[in-house]
Amino acid sequence: MAARALLLGFILVFACFSDTCFAIIYFSSLQRTLVVTASHPQRLLKAGEDKITVTWGLNQSFPAGTDSAYKTIKVQLCYAPISQVDRAWRKTHDSLSKDKTCQFKIVKTPYTTTNHTSEWTIERDVPTATYFVRAYALDAQDQQVAYGQNTDAKKTTNLFEIQAITGRHVSLDIASVCFSAFSVVALMGFFFAEKRKGGKAQQ
Amino acid sequence: MSDIEGSPGSSMHGVTGRELTFALSVASPIVPTDTTANFDLPVDSEHKAKVFKLFSFANPHMRTFHLSWISFFTCFVSTFAAAPLVPIIRDNLNLKKQDIGNAGVASVSGSIFSRLVMGAVCDLLGPRYGCAFLIMLSAPTVFSMSFVKDAGGYIAVRFMIGFSLATFVSCQYWMSTMFNSKIIGLVNGTAAGWGNMGGGATQLIMPLVYDIIRRVGATPFTAWRIAFFIPGWLHIIMGILVLTLGQDLPDGNLSSLQKKGNVAKDKFGKVLWYAVTNYRTWVFVLLYGYSMGVELSTDNVIAEYFYDRFNLKLHTAGIIAATFGMANLVARPFGGYASDKAAQLFGMRGRLWVLWILQTAGGAFCIWLGRANSLPIAILAMILFSIGAQAACGATFGIIPFISRRSLGIISGLTGAGGNFGSGLTQLIFFSTSRFSTAAGLTWMGVMIVACTLPVSLVHFPQWGSMFLPPSKDITMSTEEHYYSSEWNEDEKKKGMHSASLKFAENSRSERGKRVASTPTPPNTTPTHV
């Protein structure tokens, strides 16, 4: 009986901690060893149309061997502070597993020691907001070990705006009007038809 | 059993003290069956059904029941359709937390007014047209989601869709033309509970529809707009079904409804006066705001909460959120049942305690939900919270019929409005500001539920007592007749207008619980045989 209770206790405790199987990685513990630049045709970009060209590479001022653990580079589109105000679903957390700053993946490629450039067409599900670009260096276990971003530490410079698509379509609008009209007309039709039938029956 | 006229206790013959507020059927001696009628169900002299046969679609009674509750369900689906899709909508329309919160408030505010108007519409056009008009005229508001491009438009459309919740009134009104008053409690309670389930079903339906549309190839910001066509089509389909398959009365004749005078013969001003000057009305308006009100608020925020807090996929969050609203299937009727059982044993005091226990438990579980940090605990807390809140709704309407006989309609209406008002208030205070997170908002809402349920201890009936106080010792004041006839003045009593209230008072003696048998025959009551 006691052995069963103990086993159950172990399972419960283990279940509770299973989330922390992997070590918690904090953003503040990462080194900024990558240099990232992003260029774009104009400051206000359109989702679905415009392209961003991102370049990244190791900052040469760091000693050789700094990048020995880097296996993959993940470049992401991240919200600038002004777009995080009153929007807790975009909040910055130091713990990377909770962090919601960077929600869109631009590209994920194996790490190369030479500088890499990638051109990305802005996806059509990117919302209207102000952004910057950040690249994470991942190790063999897909854990973040270093980062770089095209803006400063306070995230105030080199920001750019993206204008989302509206999601509206003319065909949708027309369908909407048609069904609405049908609903009203059908109702009125029934009502007056029954009134007339009632009137006739009374005569 | 021999009936000696006027002998002590003779007026109690037939009353066992075990009558349920929600009965499944009415036995023949109590309400005689009209044997000349040719309906599927046994009916009374007005051809209202005496039996509630749940799985039948027989015309007209059970068919009316199903048309009615499904219409109400549809309106709940469309009113809360945006809630599980908020994670997509907030990105498309660039919404802030205040906008999302305000839209939630707007979605429940509209029906405060539309429910009041609906009563008059049902009187004028009958419940069938009342229901059909509302559901088909609100279909365009659902379709107009495809035009929305910013926060203002979003809030406006959700406000307009919210008007459709007035189908509650047409639903209850329509039932009362089709079902005998002895079983109307269960019928209306079931219809209301199953309609409320729509708030849960929509959290399942909308993400599913959205997923399918996305797989077909639409982008997210278009897919959610297309998804709204589903509730829109449901409105049209139900409206047409109601018009073609429904009828106002068991005999199908609308004009006789107006001639016979189902329209109240009483003066509206008087009825309103006795409703608003009874303090119990306001206690229950407040209380319902923290059972039904918090249920509606949670319908609006829970999917987004699970999506954000636990990093779930949209349809996973939807499934979890759906279990909250779907618990209405059993939780609300359970609340009514628990209230009845408590009344059998402890009378009205039992009903009040059951309400307090259920609603406070709901509040406690809401606090737990806000503080839960792991997904399984949060789900468990949410389910327990839903059962507590929804059972409290059922238990509330186990007590409402006894507050007043004359003003029951208005008190029910005010209570319903209080529910929506409480929902708007809690969303405004706890879920429209960035000052605290949604989790903290849920916790504080739970605290408010517990606090605002305390006033039920103030509800005192002279004839039955309250949660802590016994009934009045005064021999006249401690009678049901005194309480229910105090709503009529001497002139009205002379005209005999209070006779229905007296009859009700007699039947309500079951609220004394086990003390029924020892009731002294009160003086000055109309004898059984005149």
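All chains are named by letter (A, B, ...) in the order of the sequence lines, taking the proteins before the strands, and each is independently numbered beginning at 1.
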_B/Leu243 vs A/Phe191, test: side-chain contact (heavy atoms from CB on, under 4.5 Å). Steps then yes/no._
CA-CA 9 Å; B/Leu243 287 171; A/Phe191 185 63; over 6 Å; no
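Neither the backbone nor the side chain of B/Asp99 has a heavy atom closer than 4.5 Å to any heavy atom of chain A. Contact annotation for B/Val142: neither backbone nor side-chain heavy atoms come within less than 4.5 Å of a heavy atom of chain A. Proximity to chain A is absent for every atom of B/Trp224, based on heavy atoms less than 4.5 angstrom apart. Contact of B/Ser144 with chain A is made through the backbone alone, with heavy-atom distances under 4.5 Å. Residue B/Ile88: no heavy atom, backbone or side chain, is found under 4.5 Å from chain A. If you measure heavy-atom distances from B/Phe228 to chain A, you find no contacts under 4.5 Å at all. In this structure, no portion of B/Arg214 lies under 4.5 Å from any heavy atom of chain A.
At most 12 heavy atoms of other shown residues, nucleotides or ligands fall within 6.0 angstrom of atom CD1 in A/Ile82. More than 12 heavy atoms of other residues, nucleotides or ligands sit less than 6.0 Å from atom CH2 of A/Trp120.
Of the listed residues (A/Thr128, A/Val126, A/Asp86), the greatest number of heavy-atom pairs within a distance under 4.5 Å of chain B belongs to A/Asp86. Of the listed residues (B/His235, B/Arg128, B/Glu304), the one with the most heavy-atom contacts under 4.5 Å to chain A is B/Arg128. When each of B/Leu93, B/Asn311, B/Leu95 is checked for heavy-atom pairs under 4.5 Å with chain A, B/Leu95 comes out on top.
Taken from OH in B/Tyr307 to CH2 in A/Trp89, the straight-line distance is 11.5 Å, to the nearest 0.5 Å.
Residues of residues 110-118 of chain A never come within less than 4.5 angstrom of chain B, heavy atom to heavy atom. Below 4.5 Å, heavy atoms of chain B meet heavy atoms from A/Ala164, A/Ile165, A/Thr166, A/Gly167, A/Arg168, A/His169, A/Leu172, A/Asp173, A/Ala175, A/Ser176, A/Val177, A/Phe179, A/Ser180, A/Phe182, A/Ser183, A/Val184, A/Ala186, A/Leu187, all part of residues 164-187 of chain A. Proximity to chain B among residues 92-105 of chain A is limited to A/Ser97, A/Lys100, judged by heavy-atom separations below 4.5 angstrom.
A salt bridge does not link A/Lys91 with B/Asp308: every distance from a Lys NZ or Arg NE/NH1/NH2 to an Asp or Glu carboxylate oxygen is 4.0 Å or more.
Under 3.5 Å, the side chains of B/Thr219 and A/Asp125 contain no donor-acceptor pair of N or O atoms.
Residue B/Asp91 is tested with A/Arg90, A/Arg124, A/Arg87 for a salt bridge (charged side-chain N to carboxylate O under 4.0 Å, His left out); the sole match is A/Arg90.
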Sequence neighbours excluded and cut-off under 3.5 Å, please list the side-chain donor-acceptor pairs for residues 369-380 of chain B, or say none.
residue  : atom : partner  : partner atom : Å
B/Asn373 : OD1  : B/Arg309 : NH2          : 2.5

